[in-house]
Amino acid sequence: MDSQAFNSPIWIYLTMGLLITGGSLMRQRAWSTSLAFLVLLLVLLERLCSFWLPTPVGVAIFGAVFWFVIRTGSQDKLLPSEGKAVFITGCDTGFGKAAAIQMDSLGFQVFATVLNMEGPGALELQKRCSPKLTLIQMDMRKHEDIESALQITKKKLGRKGLWGLVNNAGICTTIGDAELSLMSSYRGCMEVNFFGTINVTKMFLPLVRQEKGRIVTISSPSAEQPFPCLAAYGSSKAALNIFMKTLRQELKLWGVSVSTILPSSYKTAPSRDPLYWDDQCEHLIRNLPPSLLEEYGEEYVQETKHLFQEFAKQASEDFSPVINRIVEALLSSKPNSRYYAGRGIGLMYFINDYLPSEVSDRYLQKIFLKKKILPRALKNSKPPS
Ligand SMILES: NC(=O)C1=CN([C@@H]2O[C@H](COP(=O)(O)OP(=O)(O)OC[C@H]3O[C@@H](n4cnc5c(N)ncnc54)[C@H](O)[C@@H]3O)[C@@H](O)[C@H]2O)C=CC1
Ligand SMILES: C[C@]12CC(=O)[C@H]3[C@@H](CCC4=CC(=O)CC[C@@]43C)[C@@H]1CC[C@@H]2C(=O)CO
């Protein structure tokens with residue numbers, strides 16, 4: 001093919017279209033026959049745009065139409081919710097409480113666990129939800145609590161199994177550099193986010209297998225991307241992610257679907273409470289080895305806390321993207337293995353998946369914590385070349 005053939009905008013559109021197609025289909029797992037149809041649509045659309053429109057306008061229209069086709073083409077049908085039993089952890093606050101209320105309103109038989117049966121979250125659930133909802137006290141660090149929750153659930157279900165298990169509960173015990181984070185913080189995150197979640201999953205799996213149901217786990221992009229100062233939390237979620245990916249493969253035989261939800265940043269309990277992070281920061285400074293505190297400096301640790309508290313102010317207060325994804329993962333006729341929930345998450349993953357790590361690392365540092373203070377020991381030394 002001579003070089004003239006490549007001066008047509010077709011190659012720009014086609015490359016862009018296939019890149020968007022590939023990325024979006026991978027995201028949506030829409031491995032449907034629409035691929036051939038979509039490629040033909042790309043070529044036809046390009047001919048129309050390149051004949052009658054200047055390239056930038058043509059690319060813009062082409063991109064908009066293509067995105068619309070992808071978005072509508074990948075919506076699956078939803079199964080009925082009436083009478084389906086769902087067990088959801090961490091309903092005192094945040095996504096868990098909102099999801100329990102939403103699922104109860106959709107007719108699910110909800111088993112909602114809370115840490116504090118007399119807390120405001122539990123009282124709100126009792127007030128707002130139907131009598132079908134069962135509140136259960138459960139600290140997922142305690143095997144006996146999980147066992148008790150399982151017995152209560154089984155007694156209520158009778159001969160029925162469990163359609164859905166929503167692993168929502170999770171904590172972030174510290175915001176700090178990986179080197180500065182205390183081992184107690186690493187263990188605290190692992191105890192709840194990993195060991196607690198897999199213990200609940202293993203104990204409730206027989207009930208879910210009985211219904212050929214769904215397991216939905218709320219993870220975090222910090223499990224897959226190096227968010228600064230979230231090594232303890234991100235590591236625990238990374239361990240959880242690989243557990244769920246493995247489980248998804250192994251449970252196909254049983255007809256059980258396993259999905260992971262990856263939310264962006266939301267103003268739930270941890271982000272709402274600056275005092276929580278003041279305490280975390282004071283605890284860290286009190287417990288750091290003196291030599292390490294000397295090398296980094298207290299002002300460096302305090303800056304991290306202040307930047308995080310500033311970041312938390314811009315977190316979204318509308319939880320509906322997450323709640324809608326949870327319901328979709330429970331009721332879709334073809335649930336995805338992964339769901340992104342929130343603004344900017346697609347771009348974040350595009351940068352992470354397709355651009356050099358230098359770019360994606362810098363992007364994360366820009367969007368999350370724009371640190372300006374250097375560790376004390378570096379202030380007098382030459383910057384690395
Ligand atoms: N808020 C956000 O920006 C994001 C949150 N997530 C994840 O969403 C999930 C829900 O968290 P949020 O609603 O944001 O925060 P949240 O703090 O409002 O809710 C966490 C829930 O977990 C429960 N919990 C904590 N320790 C527990 C334990 N030992 N046993 C049983 N339950 C326990 C709490 O009572 C609370 O109800 C978590 O897994 C979190 O990692 C993921 C990405 C973003
Ligand atoms: C840790 C926590 C939940 C998260 O996963 C977010 C984090 C703030 C920075 C983020 C931005 C994103 O776009 C993806 C999610 C996240 C890594 C949040 C700070 C407090 C949240 C928490 O404690 C959850 O239990």
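Counting convention: from 1, in listed order, for ligands and their atoms alike. Only this structure's heavy atoms are used, side chains among them; waters, hydrogens and symmetry mates stay out.
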Fill in: Residues Thr217, Ile261; criterion side chain to side chain contact (heavy atoms under 4.5 Å, CB included); working and verdict
CA-CA 6 Å; Thr217 299; Ile261 313 279; over 6 Å; no
Check the orientation of Phe95 and Tyr266. Use parallel for under 30°, tilted for 30 to 60°, and perpendicular for over 60°. perpendicular
Atoms of ligand 1 under 4.0 Å from any heavy atom of Asp139, numbered from 1 in the order shown, are 28 (C), 29 (N), 30 (N)
Quick look: Asn168 vs ligand 1, heavy-atom contacts under 4.0 Å, and the answer is both
among protein heavy atoms, the one nearest atom 18 (O) of ligand 1 is Thr93 OG1, 2.6 Å
In ligand 1, the atoms that come under 4.0 Å of a heavy atom of Cys91 are 37 (O)
query: Would you say Met140 has any N or O atom under 3.5 Å from an N or O of ligand 1, going by distance alone?
result: yes
Here the gap from Asn167 atom CG to Ile88 atom CD1, rounded to the nearest 0.5 Å, amounts to 9.5 Å
| Is there a heavy atom in Phe319 that sits closer than 4.0 Å to ligand 1? | no
Student check: side-chain heavy atoms of Glu317 and Arg272 closer than 4.5 Å
yes
Per-atom filter on ligand 1: closer than 4.0 angstrom to a heavy atom of Gly170 are 20 (C), 22 (O), 38 (C), 39 (O)
Quiz item: Any link between Phe319 and Ile345 through a network of hydrophobic side chains (Ile, Leu, Val, Met, Phe, Trp, Tyr) touching at under 4.5 Å?
Solution: no
In this structure, atom 12 (P) of ligand 1 is nearest to the protein heavy atom Thr268 OG1, 3.4 Å
Using a 6.0 Å distance limit plus a 45 degree cone around the ring axis, check whether Lys202 lies over the aromatic ring of Phe243.
no
When only distance counts, is Ser220 in polar contact with ligand 1, meaning an N/O pair under 3.5 Å? no
If we number the atoms of ligand 1 from 1 as shown, the ones under 4.0 Å from a heavy atom of Val192 are 29 (N)
Met138 heavy atoms within 4.0 Å reach ligand 1 at atoms 30 (N), 31 (C)
Nearest non-hydrogen protein atom to atom 3 (O) of ligand 1, with distance, is Tyr266 N, 2.8 Å
If you scan protein heavy atoms around atom 27 (C) of ligand 1, the nearest is Leu115 CD1, 3.7 Å
query: Do any N/O atoms on Pro221 end up under 3.5 angstrom from N/O atoms on ligand 1?
result: no
re atom 17 (O) of ligand 1, the protein heavy-atom contact at minimum distance is Pro270 CD, 3.3 Å
- prompt: How far apart are the C-alpha atoms of Lys237 and Glu224, what are their side-chain angles, what is the distance that settles it, and do they pass the salt bridge (charged side-chain N to carboxylate O under 4.0 Å, His left out) test?
  reply: CA-CA 9 Å; Lys237 289 290 192 178; Glu224 301 169 331; over 6 Å; no
For atom 44 (C) of ligand 1, the closest protein heavy atom turns out to be Ser264 O, 3.1 Å
Do the non-hydrogen side-chain atoms of Gln109 and Asp104 ever get within less than 4.5 Å of each other? no
of all protein heavy atoms, closest to atom 42 (C) of ligand 1 is Ser219 O, 3.0 Å
Could you tell me if any non-hydrogen atom of Thr89 lies under 4.0 Å from any atom of ligand 1?
no
Here the ring pair (Phe, Tyr, Trp, His ring centres under 6.0 Å) pairs for residues 175-208, sequence neighbours left out, are Phe87-Phe204
The option among Tyr233, Phe95, Tyr276 carrying the non-hydrogen atom nearest to atom 40 (C) of ligand 1 is Tyr233
Pair Arg376, Tyr300 - check side chain to side chain contact (heavy atoms under 4.5 Å, CB included), show working.
CA-CA 8 Å; Arg376 191 180 290 158; Tyr300 181 86; over 6 Å; no
Note: Lys237, heavy atoms under 4.0 Å from ligand 1, region reported as side chain
Note: heavy atom closest to atom 26 (N) of ligand 1, options Asn167, Ile171, Thr197, belongs to Ile171
Original post:
Would you say Lys267 touches ligand 1, if touching means a heavy atom closer than 4.0 Å?
Top reply: no
Atom 32 (N) of ligand 1 has as its nearest protein heavy atom Ala169 CB, 3.6 Å
At a 4.0 angstrom heavy-atom cut-off, ligand 2 is contacted by Gly170, Ile171, Cys172, Ser220, Pro221, Ser222, Phe227, Leu230, Tyr233, Pro263, Ser264, Ser265, Pro270, Ser271, Phe308, Phe311, Met348, Phe368
Original post:
Taking C-beta and beyond as the side chain, do Leu331 and Lys84 meet within less than 4.5 Å on heavy atoms?
Top reply: yes
If we number the atoms of ligand 1 from 1 as shown, the ones under 4.0 Å from a heavy atom of Gly94 are 13 (O), 18 (O)
Fill in: Min side-chain heavy-atom separation Glu124-Thr93 under 4.5 Å
no
In ligand 1, the atoms that come under 4.0 Å of a heavy atom of Ala269 are 16 (P), 17 (O), 18 (O)
So the atoms of ligand 1 within less than 4.0 Å of a heavy atom of Ser265 turn out to be 3 (O)
